[in-house]
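Please read these numbers as outputs of a predicted model, since none were measured by experiment. Whatever order the structure lists ligands and atoms in, that order sets their numbers, starting from 1.
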Amino acid sequence: MMRYISTRGQTEPVSGAEAILQGLAPDGGLFVPEEIPTLPEGFMDQIKAMDYPRKAAAVLSLYLPEFGDLTALTREAYAGFDGEPAPLVEVSKNLPLFLELWHGPTCAFKDMALQVLPRLIGKAKELTGESREVFILTATSGDTGKAALEGFRDVPGTMVLVFYPEEGVSDVQKLQMVTQEGFNVGVCAVRGDFDDAQAGVKRIFSAVPPSDTFLLTSANSINLGRLLPQIAYYVSAYADFLEKYPERAADGAPDIYVPTGNFGNILAALYAKRMGVPLGKLVCVSNSNNVLTRVIEDGVYDRNRALVRTTSPSMDILVSSNFERAVYLLSGCDSAYTADCMRKLSATGVYTLGEPTGSAMREEFRAVWRDDAQAADHIREVYDKAGYVIDPHTATAAAVARNGIVVSTAHPGKFPEAVKAALGGVSFPIPAALTIQKPRRFFDAVDPDGIGDYVKTFFAM
Ligand SMILES: *Cc1c(COP(=O)(O)O)cnc(C)c1O
């Protein structure tokens with residue numbers, strides 16, 4: 001059985017099932033596998049002919065062997081997707097490939113993991129004999145919230161509560177959440193930004209003592225059950241790259257361009273690489289909230305600055321939670337060092353990566369940022385060259401890429417104002433899931449320090 005340990009080293013190792021149920025480790029760190037599994041001999045060949053659910057199950061099983069065959073689970077999770085869950089598409093010979101991850105029910109890449117997570121939690125409850133009710137508490141910068149609500153709605157034995165920044169999400173994102181259906185869901189605005197919402201939620205995890213009646217956990221990308229399904233699409237993308245684009249593959253390992261916020265998506269690429277998938281540089285692309293550009297280039301993580309609102313709100317983040325897992329891995333799995341960096345971050349808002357961690361970071365990642373105007377120009381450029389419409393997050397990453405693979409994280413219809421403005425009024429098809437006519441159900445808003453009371457009332461704890 002594979003065991004999972006905390007990045008901060010102060011927690012006993014647990015099973016994959018336990019890690020998924022707990023979300024955050026008790027010492028405040030994030031769960032990571034004690035050892036990253038490597039792809040078995042011939043794995044890439046074996047998965048070539050599989051459909052996506054089987055590929056995903058094969059990858060998940062390497063991390064969660066005690067879960068047994070996961071094919072039925074992933075098949076069910078991806079059944080609601082519109083066509084292929086993660087196609088690698090060529091829109092023009094002269095542009096990079098796009099890995100489209102937004103064919104799920106909420107039209108953002110979060111569905112790739114959040115349709116799987118509730119099912120993994122269900123299975124983990126069986127395996128551990130967990131019978132308490134599961135409370136899912138989540139902060140969102142826009143897309144996680146809706147995907148979590150959709151993933152957990154009407155799942156027996158669970159309740160889900162989402163906090164979103166009142167002024168920090170697009171109109172469509174907000175409408176998707178406040179009209180959510182389901183008997184077990186709640187949505188509340190926070191008068192603040194994503195970092196306020198995320199910090200408020202994290203505080204509750206450390207403040208609420210263990211209970212006999214409920215288990216409090218998270219659907220945020222700190223949960224191991226979010227990370228693992230994301231690794232699968234990088235393995236699948238590489239298999240497709242070899243199979244479908246041999247002339248591109250002849251140029252060597254593809255660089256991967258990821259529009260990044262909480263560092264969950266790009267971290268999954270790092271895990272895929274460590275498992276033996278020959279990916280090139282992992283390019284971390286930020287918008288104007290470019291804290292990650294600085295820490296990767298110069299080794300200084302500094303969150304002491306104002307958050308800027310951009311046309312790519314799901315990347316408007318200054319405290320990037322999953323970066324902790326990268327610090328842990330690239331420091332050579334040094335949990336004392338990782339804990340020290342995170343302590344400094346929470347006490348002063350700043351830490352500096354020493355050597356050799358700083359160089360290891362630059363070896364693995366490249367970091368670049370693009371502002372809203374550059375992203376808009378690129379939406380236009382890709383449309384002019386290929387008649388292909390991309391969203392502002394994807395455009396931020398695509399603006400940096402000449403070749404390789406751009407990870408496409410949202411359907412452009414989630415951000416219609418920004419995309420239409422970039423295209424000078426050209427309209428494009430909007431999926432039915434995004435033309436919302438349902439009545440609004442949720443109206444509440446709280447200040448950041450009111451999050452705790454709201455949570456206690458909602459879950460009646
Ligand atoms: C969440 C999100 C991102 C950022 O992903 P992280 O895993 O937080 O780095 C980028 N684009 C879109 C559309 C998203 O929803």
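- Remark: Asp255 does not engage Arg366 in a salt bridge, criterion side-chain N to carboxylate O under 4.0 Å.
- A distance below 6.0 Å separates the ring centres of Tyr388 and Phe98.
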Please produce the table of protein N or O atoms sitting under 3.5 Å from N or O atoms belonging to ligand 1, one pair a line, distance to 0.1 Å.
| residue | atom | partner | partner atom | Å |
| --- | --- | --- | --- | --- |
| ligand 1 | 7 (O) | Gly264 | N | 3.1 |
| ligand 1 | 7 (O) | Asn265 | N | 2.9 |
| ligand 1 | 8 (O) | Asn262 | N | 2.7 |
| ligand 1 | 9 (O) | Gly261 | N | 2.8 |
| ligand 1 | 9 (O) | Asn262 | N | 3.2 |
| ligand 1 | 9 (O) | Phe263 | N | 3.0 |
| ligand 1 | 11 (N) | Thr409 | OG1 | 2.8 |
| ligand 1 | 15 (O) | Lys110 | NZ | 2.6 |
| ligand 1 | 15 (O) | Asp143 | OD2 | 2.5 |

Inset, instruction - Report the C-alpha separation of Arg380 and Asp377 in whole Å, then their side-chain angles, then the decisive distance to 0.1 Å, and conclude whether the salt bridge (charged side-chain N to carboxylate O under 4.0 Å, His left out) test is met. - result: CA-CA 5 Å; Arg380 177 87 223 180; Asp377 284 350; over 6 Å; no
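- A salt bridge is defined here as a Lys NZ or Arg NE, NH1 or NH2 lying under 4.0 Å from an Asp or Glu carboxylate O, and Lys174 with Asp171 fails to meet this definition.
- Counting non-hydrogen atoms of neighbouring residues, nucleotides and ligands closer than 6.0 angstrom, the CD atom of Glu417 exceeds 12 such neighbours.
- Listed for the Arg325 side chain is no donor-acceptor partner under 3.5 Å among the backbone atoms of Phe263.
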